[in-house]
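Notes to accompany the following structure.
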Amino acid sequence: MVTFFEASLGIISVHHVGNQSQGEMYALSPQPLELKDDVIGPLLLQYFLKPFEKANEVYHLMHSSDDLALNEVHHFTTAVFDDKGKFHEVSEQMAKHLYASSTHPNIKGGELYVVYFNNVQIEGELLDAIGIFKSENKETYLKVYPDKGGFAVDYEQDAININKLDKGVLIFNVEKENGYKVVVVDKATGGQDAAVYWKDEFLQLKIRNDSFNQTSNALGVYKNFVTNKLDEEFEMTKADKIDLLNRSMKYFKEKETFDLDEFADEVISNPEAIESFKTFKNSYEEEFDTKIADTFEISDNAVKKQARVYKSVLKLDKNFHIYIHGNKDLIEKGFDDGKAMNYYKVFFNQEA
């Protein structure tokens, strides 16, 4: 979704942001960063942008009051897009805002990079973007170099692995009134309570309700329904559950458009189970304040992503795994009185 083969670095400002609950402060650079040579620029582009190549979910900046003007990052970003001359001043304000958001004791301090990019592509459109990145984790590297006809070994502590971006966000100069197009990377550390500060406290994001997220949410809700809810009301074997999941995945792979009534008839079939699913879906929408439309275009990327977590494996103790990909009528469950054990009978034509 995000590519950077045409991208270039504009301005870079670097600051340090500590954890105020630990008595740490922030340190602001007096001017933007100057790159020493032509090698560092491409390395920084890889460090900053490569993690976003696999980012499928697009967000918008938001505010809980529904007044977008109160979102600090939106305000700062707009100021830069309107006048690049304010970039470094705005980067300082972003550092202060991140510091104010870093109140959990497990949040690590680190360098904050604010970057202006030119020609980053998202969804086929070349756009300017502002990137905000935080480096929290450092590593030690060994260096081997020629010395006196042989080799010597040295090391460098507290260095950054350019293949491991801890936290980052790209804010694209488009859809300003909706909160811009935003993609995010968050390698959470410090536990769940500390993890929310980047997306929820500092950025304040909401997922864009497009076909990718509609597809992901619909598949996720159905998976939870089959896995956790259906057998509360109906007698279900695990093989039956796997069959229902397989049928739903088949539907999403073969159809271009999701239709709730069509899906329910073709995949669930049972009228009582259909009604239970619709009730479950409504409860999910109310609990998470997320509307899943009754009709939407199916996203192939979302289907591929969800297929990785849709399990078709029947695990039997520690002895056997049965992979169920097709007709569930070719597998039967029973109980052997003599062995006092459950069993599955599997029908097939030939071994592979």
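The shown structure was predicted, so the numbers you read here are calculated from the model rather than taken from an experiment.
Leu205 and Met62 get closest at one heavy-atom pair: C-CG, 3.7 Å. The two atoms that bring Ala129 and Phe172 nearest to each other are CB-CD2, 3.8 Å, heavy atoms only. Minimum heavy-atom separation, Phe212 to Glu57: CE2-CG, 3.5 Å. Pairing each heavy atom of Trp198 with each of Gly168, the nearest pair is NE1-O, 3.6 Å. For the pair Leu68 and Asn178, the tightest heavy-atom approach, listed with the atom from each and the gap, is CD2-C, 4.1 Å. In terms of heavy atoms, Arg247 sits closest to Ser269 at NH2-OG, 3.3 Å.
Between the side chains of Asn173 and Asp128, not a single donor N or O lies within less than 3.5 Å of an accepting N or O. Side-chain atoms of Ser276 and Glu233 form a donor-acceptor pair, as typed in the model, at a separation below 3.5 Å. For the residue pair Asn118 / Glu6, no side-chain donor-acceptor distance below 3.5 Å is found, with atom types taken as modelled.
Between Ile298 and Thr257, every side-chain heavy-atom pair lies at or beyond the 4.5 Å cut-off. Between Asn19 and Lys108 the shortest side-chain heavy-atom distance does not fall below 4.5 Å. At a threshold of 4.5 Å between non-hydrogen side-chain atoms, the residues Leu49 and Val2 do not count as touching. Looking at heavy atoms from C-beta onward, Met94 lies in side-chain contact with Ile132 at the 4.5 angstrom threshold. Put simply, the side chain of Leu9 reaches to within 4.5 Å of the side chain of Leu45, judged on heavy atoms. Within the 4.5 Å cutoff, the side chain of Gln20 has heavy atoms near those of the Tyr99 side chain. Residues Phe296 and Asp210 fail the side-chain proximity criterion, which asks for heavy atoms closer than 4.5 Å. Side-chain atoms of Lys50 and Glu53, non-hydrogen and from C-beta on, do get closer than 4.5 Å to each other.
Other residues, nucleotides and ligands contribute over 12 non-hydrogen atoms within 6.0 Å of the CG atom of Asp37. Counting non-hydrogen atoms of neighbouring residues, nucleotides and ligands closer than 6.0 angstrom, the CG atom of Asp38 reaches no more than 12 such neighbours. Within a 6.0 Å sphere centred on CD of Glu285, heavy atoms belonging to other residues, nucleotides or ligands number more than 12. Atom NZ of Lys206 sits in a sparse spot, with 12 or fewer heavy atoms from other residues, nucleotides or ligands closer than 6.0 Å. Counting non-hydrogen atoms of neighbouring residues, nucleotides and ligands closer than 6.0 angstrom, the NZ atom of Lys304 reaches no more than 12 such neighbours. The 12-atom threshold is exceeded at NE2 of His16, counting heavy atoms of other residues, nucleotides or ligands nearer than 6.0 Å. Counting heavy atoms of neighbouring residues, nucleotides and ligands inside a 6.0 Å radius, atom CD of Glu272 does not exceed 12 of them. Glu177 CD: more than 12 foreign heavy atoms inside a 6.0 Å radius.
Using a 30° and 60° split on the angle between ring planes, Tyr222 and Phe277 fall in the perpendicular class, above 60°. Below 30°, between 30° and 60°, or above 60°: for Phe252 and Phe263 the angle between ring planes is above 60°, a perpendicular geometry.
Using a cut-off of 4.0 Å between Lys/Arg side-chain N and Asp/Glu carboxylate O, Asp294 and Lys281 are scored as salt-bridged. The existence of a salt bridge linking Glu232 and Lys229 is confirmed by a sub-4.0 Å separation between a basic side-chain nitrogen and an acidic carboxylate oxygen. Glu275 and Lys278 are not joined by a salt bridge, as no carboxylate oxygen comes within less than 4.0 angstrom of a charged side-chain nitrogen. Residues Lys187 and Glu136 are not paired through a salt bridge, judged by the lack of any N-O separation under 4.0 Å between the basic side chain and the carboxylate. Of the charged side-chain nitrogens involved, at least one lies within less than 4.0 Å of a carboxylate oxygen, so that Glu123 and Lys181 count as a salt-bridged pair. No salt bridge links Lys96 with Glu92; every basic N to acidic carboxylate O contact stays at or beyond 4.0 Å.
Proximity of a side-chain donor or acceptor of Gln214 to a complementary backbone N or O of Ala293 within less than 3.5 Å is detected. With hydrogens and angles disregarded, no donor-acceptor distance shorter than 3.5 Å links the side chain of Thr77 to the backbone of His74.
Here the CZ atom belonging to Phe258 is positioned 8.5 Å from the CG atom belonging to Leu219, to the nearest 0.5 angstrom. Annotation: the span from Tyr116 atom OH to Ile11 atom CD1 amounts to 8.0 Å, rounded to 0.5 Å. Here the CG atom belonging to Asn71 is positioned 5.0 Å from the CD atom belonging to Gln204, to the nearest 0.5 angstrom. In this structure, OG1 on Thr78 lies 8.0 Å from CD1 on Ile130, to the nearest 0.5 angstrom. With values rounded to the nearest 0.5 angstrom, Thr227 atom OG1 is found 6.5 Å from Lys241 atom NZ. For the atom pair CZ (Phe348) and CD (Gln350), the distance works out to 9.5 Å, reported to the nearest 0.5 Å.
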Point to revise | Intermediate values then yes/no, side-chain hydrogen bond (donor to acceptor under 3.5 Å, both in side chains), Tyr155 and Gln157 | key: CA-CA 7 Å; Tyr155 67 93; Gln157 290 182 311; 4.8 Å; no
Review point. After noting the C-alpha distance and the side-chain angles of Asp154 and Lys143, does the key distance pass the salt bridge (charged side-chain N to carboxylate O under 4.0 Å, His left out) rule?
Key: CA-CA 5 Å; Asp154 200 352; Lys143 297 187 292 184; 5.1 Å; no
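Considering Asp261, Ile268, Thr279 as possible partners of Ile274, the one that fulfils the side chain to side chain contact (heavy atoms under 4.5 Å, CB included) test is Ile268. With Leu170 as reference, Phe133 is the one residue of Phe48, Phe4, Phe133 to meet the side chain to side chain contact (heavy atoms under 4.5 Å, CB included) rule.
Judged by a 6.0 Å distance limit and a 45° cone about the ring axis, Lys176 is not positioned over the six-membered ring of Phe81.
Taking the ring centroids of His88 and His15, they lie under the 6.0 Å cut-off.
Cluster membership for Phe234 and Phe280, using ILVMFWY side-chain heavy atoms within less than 4.5 angstrom, is shared. If you chain together hydrophobic residues whose side chains sit under 4.5 Å apart, Ile160 and Leu142 never meet in one group.
Under the side-chain contact (heavy atoms from CB on, under 4.5 Å) criterion, Glu266 pairs with Tyr251, Lys255, Glu262, sequence neighbours left out.
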